[in-house]
Amino acid sequence: MIIVKDLHKKFENNHVLRGVNYHVHQGEKVVVIGPSGSGKSTFLRCMNLLETPTSGEIWVDGVNITDTKTDIDKVRQHLGMVFQNFNLFDNLTIMNNITLSPIKLRLMSKEEASENALKLLERVGLTEKADAYPSQLSGGQKQRVAIVRSLAMNPRVMLFDEPTSALDPEMVGEVLDVMKGLADSGMTMVVVTHEMGFAREVGTKVLFMDEGVIMEENTPQEFFNHPKSPRLQEFLSKVL
Ligand code: ADP
Ligand code: MG
């Protein structure tokens, strides 16, 4: 589904990604953990070209998205992304937040998009918020809407960048539950998170990113019970 080949990213003299290689297969839930500043967000953002790689290749579903001839808007339609800070449009209702892109890109009629949005809102228990504005929602509710908004585009892959890091603790669970439901439905997911319980329970693979490379990769069981590199051992001793 996603192939990353020798990906490098520099910001001026800051060599942030230093040769990342990885394959995400269909249906996998890849969880990425690692210290702050190790390049996790940059890695995710390169996957849908929110950042332009300095060198290397990224293939999504058989398309080389790093080829300048590729229509990136088309690629992005199939890659949902959820951010730490929700990124909802504050001046639009929840309904209009969800239907904006499908209507604008002419993927659906207004009626179809609205019907689909209501189904999605029902799935995350927020039907009654369709006509509310983001400011009237809690952080957890906003993040559930942000997930639903991505799903409205029928993505083949969902990318999550610390989706629960900005939430009050009591709201983390409701967002993780939605993500678990999505995982169970077969969605291919790449999730940057500090939620180790989620990594263990939902991850099919866990990656440790450190200083711009994937330093270690394993099944959750092996990753947490038998970390190999001293850096990962040290990291886990701090977060577990
Ligand atoms: P992480 O998500 O693991 O905390 P990031 O990918 O956000 O790490 O950042 C890795 C490094 O890249 C940091 O040194 C950060 O300052 C730098 N960086 C990230 N985005 C930009 C940007 N848009 N411009 C300049 N430097 C950036
Ligand atoms: Mg980050």
Side-chain angles (χ1 to χ4, degrees), residues 2-22 24 28-58 60 65-66 68 72 75-76 79-88 139-140 142-143 146-147 150 155 157-169 171-172 175-176 179 189-200 202-203 205-218 220 223-224 227 229-240:
I2 303 179
I3 300 172
V4 179
K5 287 187 197 169
D6 199 25
L7 173 64
H8 287 258
K9 176 66 183 177
K10 288 181 188 167
F11 294 104
E12 314 259 302
N13 291 327
N14 189 2
H15 197 163
V16 173
L17 297 180
R18 299 164 170 261
V20 177
N21 292 284
Y22 200 69
V24 181
E28 277 192 311
K29 310 10 160 145
V30 177
V31 178
V32 184
I33 70 169
S36 173
S38 58
K40 304 180 299 296
S41 294
T42 306
F43 176 46
L44 267 199
R45 292 167 65 84
C46 281
M47 280 193 222
N48 65 357
L49 296 194
L50 286 176
E51 299 290 355
T52 310
T54 305
S55 65
E57 284 180 15
I58 300 171
V60 176
I65 67 166
T66 35
T68 49
I72 186 57
V75 173
R76 284 208 191 111
L79 284 163
M81 178 128 180
V82 174
F83 303 87
Q84 188 173 335
N85 292 310
F86 329 124
N87 291 14
L88 296 176
K142 280 188 217 179
Q143 195 60 300
I147 293 171
S150 286
V157 180
M158 285 285 287
L159 309 173
F160 293 86
D161 193 1
E162 298 197 25
T164 60
S165 294
L167 299 177
D168 290 334
M171 292 172 187
V172 169
V175 171
L176 292 179
M179 292 169 64
M189 296 162 65
V190 182
V191 183
V192 175
T193 187
H194 298 296
E195 295 293 330
M196 299 300 148
F198 180 87
R200 260 182 202 275
V202 180
K205 284 279 165 59
V206 187
L207 311 185
F208 177 56
M209 198 145 193
D210 194 26
E211 296 182 346
V213 295
I214 296 171
M215 184 148 284
E216 194 154 333
E217 181 228 320
N218 223 324
F223 186 94
F224 289 107
S229 68
R231 298 281 299 207
L232 176 56
Q233 289 166 5
E234 188 198 342
F235 182 79
L236 290 177
S237 74
K238 285 181 194 153
V239 298
L240 289 180

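The shown structure was predicted, so the numbers you read here are calculated from the model rather than taken from an experiment. For ligands, and for the atoms within them, numbers begin at 1 and follow the listed sequence.
In this structure, Met215 and Asp210 approach most closely via the heavy-atom pair SD-OD2, 3.8 Å. Contact detail for Ser165 and His194: the closest heavy-atom pair is OG-CD2, 4.1 Å. Counting all heavy atoms, side chain and backbone alike, Pro163 lies closest to Val82 at CB-CG1, 4.3 Å.
The nearest protein atom to atom 12 (O) of ligand 1, hydrogens excluded, is given as Val16 CG2, 3.1 Å; this is a heavy-atom distance. In terms of protein heavy-atom proximity, atom 8 (O) of ligand 1 is closest to Gly39 N, 3.2 Å. For atom 22 (C) of ligand 1, the closest non-hydrogen atom on the protein side is Phe11 CE2, 3.3 Å. With hydrogens left out, the protein atom closest to atom 7 (O) of ligand 1 is Ser41 CB, 3.6 Å, a heavy atom. Ranking the protein heavy atoms by distance from atom 4 (O) of ligand 1 puts Gly37 N, 2.7 Å first.
In this structure, Gly212 has no heavy atom closer than 4.0 Å to ligand 1. Remark: distances from the non-hydrogen atoms of Gly34 to ligand 1 are all 4.0 Å or more.
Between Lys205 and Glu217 a salt bridge is recorded (basic side-chain N to carboxylate O distance below 4.0 Å).
For the pair Lys9 and Phe11, the cation-pi test (distance below 6.0 Å, angle within 45°) is passed.
Met209 places a side-chain heavy atom less than 4.5 Å from the side chain of Leu17. Residues Val239 and Met196 are in side-chain contact: their nearest non-hydrogen atoms beyond the backbone lie under 4.5 Å apart.
For ligand 1, the atoms sitting less than 4.0 Å from at least one non-hydrogen atom of Pro35 are 3 (O), numbered in the order shown with element in parentheses. Counting atoms of ligand 1 from 1 in the listed order, those under 4.0 Å from a heavy atom of Thr42 are 5 (P), 6 (O), 9 (O), 19 (C).
Here OG1 of Thr52 is found 10.5 Å from CZ of Arg45. Values are rounded to the nearest 0.5 Å.
Under 4.0 Å from ligand 1, the heavy atoms of Asn14 that appear belong solely to its side chain.
When distances to the Mg ion (ligand 2) are checked against a cut-off of 2.8 Å, Thr42 contributes no N, O or S atom below that limit.
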